[in-house]
*Asks:* 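Attaching a single structure in structure tokens format; questions to follow.
Atoms within a ligand are numbered from 1 in the order they appear, just like the ligands themselves.
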Amino acid sequence: MPSYTAPTKDMNFILHDLLNVSQSDLPGYDELEADFTKAVLEEAGKITSEVLAPLNVVGDREGCRLENGVVYTPTGFKEAFEQVRTGGWTGLDSDPAYGGQGMPYILGSAVSEMFSASNQAFAMYQGLTHGAYASIHTHGSDAQKAKYLPNMVSCEWTGTMNLTEPHCGTDLGLMRTKAVPQGDGTYKITGQKIFISAGDHDMSSNVIHLVLAKIPGGPEGIKGVSLFIVPKILVNDDGTLGAANGVSVGSLEEKMGIHGNSTCVMNYDDSIGTLLGDEHKGMRAMFTMMNFARMGVGMQGLAAADVAYQNAAAYARDRLQGRAVTGVENPDGPADPLIVHPDIRRALMDQKSFVEGARAFLYWGAMVLDQARLKDDKDADGLISLLTPVIKGFLTDRGYDMTVQAQQIYGGHGYIEEHGMSQFTRDARIAMIYEGANGVQALDLVGRKLAQDGGKHVMAFFEMVKAFIKDNEADEALKKDFLDPLKAASKDLQAAAMFFMAEGMKNPNAALSGSTDFMHLFGHVCLGLMWARMGKTAGEALANGASDATFYETKLATGRYYMARQLPATAMHLARIQSGADPVMALAADQF
Ligand SMILES: Cc1cc2nc3c(=O)[nH]c(=O)nc-3n(C[C@H](O)[C@H](O)[C@H](O)COP(=O)(O)OP(=O)(O)OC[C@H]3O[C@@H](n4cnc5c(N)ncnc54)[C@H](O)[C@@H]3O)c2cc1C
């Protein structure tokens, strides 16, 4: 059975040594003193490693089942959900006006990482509820907020997002679900949605669906889409539950992973809904949810990589195979442990340097998001909007790769189900697909975000990297190991952006043929920046005589690995981008 240990030490290093959160002037950050975050993270660590991690494999093996229209979750999920709910974990970063604890998003992100790493399928029930909460909180009327939010913050009621239909996932302008106004402020919603995560289950007394639909007579395509709140059970004005709404589960999808999460075909038959936000502005309201959700999915990539890495590292220390090429290291045993072999080390270093770099990137991103929403800072908003597709796409692509590397360390024992490594790769795979498939994230990055506000935000990012390098160049060791590689990678990123600017208008295929490479190039530079900043922080801690020297030395060595072995990938991505559209578009469709 695989296990999970919450990486609280690394989390606290990022929060305090690197980001210095309690010194920030962001509202609520003064509460994030080291003792406080340590206590919160350790408590979350306990419930995730002791309760949720053991249920992960149960969820995988049993899956959900649909009986007489009711969805049942795997054994133990319901009790664990109750424990999570009564422990107050569902409302950590929600508004106190609705029963939340009002903590900054950055702390919520650290806790969510643990939930996802220990049991991704389980964590999605509350993760989707949080996304639906965010949409209603931002776009709902006071009456809608009062009616739905308190029970959603506590997860008495859970939430879903309903975009996908059988004939459209990416191209939502093709949507057919209809919403007909009833003249009393309500709408009757009719249509079918597929692949709806947490669409129904037995762990809450109601499910609040956010459903995209078209009001007849509205604009064509995506401009005619509106968002509706459609509860499974109607809610009376006094907050009590009323009659069943016309909402039913058509079937449960059979799928590759996250078996513990119910992925439902949802049928809406004249179901009663109320408009969330403005008519025909449904995508705007849905995007509030999706930006949080995309950061959350990026986090799933990191979380999956971490739990897989933890188990692979333990296995590599334990499993005896072959002898070290430089001489026997375990003379009393029949062989040396796998971890003596350089190729196993390479795989473990790939994973470790990705996980720690990604964690820093994600928490820094969460802090930028807090800056944008708590201070209404437009520059921060522009920056996080630019980085969101990178967080989602790069962290889930690479996170999945890392689960495969971890599985590889187990050899054949990784492929069979006994050790749980196969589940990590199967579960991690979906994060590359939902919340906008990664190819579409890359398209969003190159086609929209790069040029947003006249390219102001990407320029600000380049300036930030440049300023960090310039301010720290006097430190010779930092310069050689971290700043010089970062400078080279950042130049590759700038050259790629220049290529798109020069070629993109003339030949859009040239820009889009390189979009996934650009997303990865950008992701590597972000992790390079994070490692350079962590390298500086760790170096300073050592120079100041930090008591835990091994931790900081390990940090430095891991960072040097990333800079030397991972960051050079930027040159390859740039070369691919600069090769343009010709190699990619050379064949006619019937030549494939
Ligand atoms: C387990 C699971 C859970 C899900 N949960 C939810 C949920 O809770 N709510 C919900 O609404 N949906 C959910 N989805 C649906 C998911 O978001 C969609 O599957 C996804 O957005 C892709 O849509 P699609 O499957 O229709 O693929 P398509 O849109 O048909 O795309 C197919 C491929 O083509 C690529 N592509 C499409 N258009 C372009 C383009 N213009 N340029 C380049 N490439 C392009 C895509 O990147 C993708 O790789 C879930 C799906 C699964 C499998």
Side-chain angles (χ1 to χ4, degrees), residues 59-60 63-64 71 120-132 135 158-177 191-201 207-213 221-222 225 227-228 230 249 251-268 282-283 285-287 289-290 292-294 296-297 300 304 389 392-393 396-397 400 426-448 508-519 581 584-585:
D60 188 51
C64 297
V71 177
Q120 181 178 335
F122 180 95
M124 285 172 66
Y125 291 98
Q126 74 196 72
L128 281 147
T129 308
H130 194 275
S135 242
T158 58
T160 67
M161 54 194 285
N162 290 242
L163 295 83
T164 309
E165 297 184 8
H167 60 286
C168 70
T170 303
D171 191 356
L172 291 169
L174 302 174
M175 184 174 298
R176 290 186 192 138
T177 299
Q192 187 179 68
K193 298 286 179 178
I194 61 166
F195 302 166
I196 303 308
S197 297
D200 195 40
H201 55 86
V207 182
I208 310 303
H209 301 285
L210 297 195
V211 183
L212 282 179
I222 199 73
V225 168
L227 185 60
F228 298 88
V230 187
V249 180
S251 60
L252 283 181
E253 306 289 359
E254 282 292 329
K255 54 194 193 293
M256 174 177 174
I258 54 164
H259 294 150
N261 195 268
S262 55
T263 311
C264 302
V265 171
M266 299 300 307
N267 293 324
Y268 295 92
M283 289 314 288
M286 191 54 108
F287 269 118
M289 181 166 179
M290 286 177 67
F292 275 101
R294 284 178 179 169
V297 173
Q300 289 181 338
K392 197 281 177 179
T396 59
D397 276 359
Y400 173 75
R426 288 185 287 102
D427 286 358
R429 184 69 182 84
I430 186 58
M432 299 158 74
I433 297 170
Y434 57 22
E435 291 306 336
N438 284 358
V440 175
Q441 301 298 323
L443 192 69
D444 177 44
L445 177 66
V446 169
R448 243 163 45 87
N509 275 347
L512 298 186
S513 299
S515 55
T516 289
D517 280 293
F518 187 74
M519 183 175 78
V584 174
M585 303 301 284

*Asks:* Do side-chain atoms of His209 reach the backbone of Asn162 as a donor and acceptor pair under 3.5 angstrom?
*Replies:* no

*Asks:* If you have a sec, work out which protein heavy atom is nearest atom 10 (C) of ligand 1 and how many Å separate them, to one decimal?
*Replies:* Thr164 OG1, 3.3 Å

*Asks:* List every atom of ligand 1 that sits less than 4.0 Å from any heavy atom of Val440, numbering the atoms from 1 in the order shown and giving each element.
*Replies:* 46 (C), 47 (O)

*Asks:* Counting only non-hydrogen atoms of the protein, does one fall under 4.0 Å from atom 1 (C) of ligand 1?
*Replies:* yes

*Asks:* For atom 6 (C) of ligand 1, what is the closest protein heavy atom, and at what distance to 0.1 Å?
*Replies:* Phe195 O, 2.7 Å

*Asks:* Using a strict cut-off of 4.0 Å, indicate which atoms of ligand 1 neighbour a heavy atom of Ile433.
*Replies:* 20 (C)

*Asks:* How far is atom 31 (O) of ligand 1 from its nearest protein heavy atom, and which residue and atom name does that atom have?
*Replies:* Thr170 OG1, 3.6 Å

*Asks:* Can an N or O of Ser197 be found at a distance shorter than 3.5 Å from an N or O of ligand 1?
*Replies:* yes

*Asks:* Would you indicate whether Met256, at its atom CE, is surrounded by more than 12 heavy atoms from other residues, nucleotides or ligands within a distance under 6.0 Å?
*Replies:* yes

*Asks:* Counting only N and O atoms by type, is there a donor-acceptor contact under 3.5 Å from the side chain of Lys193 to the main-chain atoms of Leu212?
*Replies:* yes

*Asks:* Does atom 43 (C) of ligand 1 have a protein heavy-atom neighbour under 4.0 Å away?
*Replies:* no

*Asks:* Would you mind finding which of Ala437, Gly169, Ala121 brings a heavy atom closest to atom 23 (O) of ligand 1?
*Replies:* Gly169

*Asks:* Of the protein's non-hydrogen atoms, which lies at the shortest distance from atom 11 (O) of ligand 1, and what is that distance?
*Replies:* Leu163 N, 2.8 Å

*Asks:* State whether the side chain of Gln441 and the backbone N or O of Glu435 hold a donor-acceptor pair below 3.5 Å, judged by distance alone.
*Replies:* yes

*Asks:* Sub-3.5 Å donor-acceptor pair from the side chain of Thr158 to the main-chain atoms of Thr129, do we have one?
*Replies:* no

*Asks:* Checking the side chain of Tyr125 only, and the main-chain atoms of Ser262 only, is there a donor and an acceptor separated by less than 3.5 Å?
*Replies:* yes

*Asks:* What protein heavy atom sits nearest atom 52 (C) of ligand 1, and how far off is it?
*Replies:* Ile430 CD1, 3.6 Å

*Asks:* Please name the pair of heavy atoms, one in Met175 and one in Leu163, separated by the smallest distance, quoted to 0.1 Å.
*Replies:* CE-O, 3.8 Å

*Asks:* Is atom 37 (C) of ligand 1 near the protein, in the sense that some protein heavy atom lies at less than 4.0 Å from it?
*Replies:* yes

*Asks:* Please determine whether any non-hydrogen atom of Leu443 lies less than 4.0 Å from an atom of ligand 1.
*Replies:* yes

*Asks:* Whether the side chain of Lys392 engages the backbone of Ala431 through a donor-acceptor N/O pair (distance < 3.5 Å, no angle test) should be reported.
*Replies:* yes

*Asks:* What atoms in ligand 1 come closer than 4.0 Å to a heavy atom of Met161?
*Replies:* 7 (C), 8 (O), 9 (N), 10 (C), 11 (O)

*Asks:* Given 3.5 Å as the limit, does a donor-acceptor pair link the side chain of Asn261 with the main chain of Ala198, or not?
*Replies:* yes

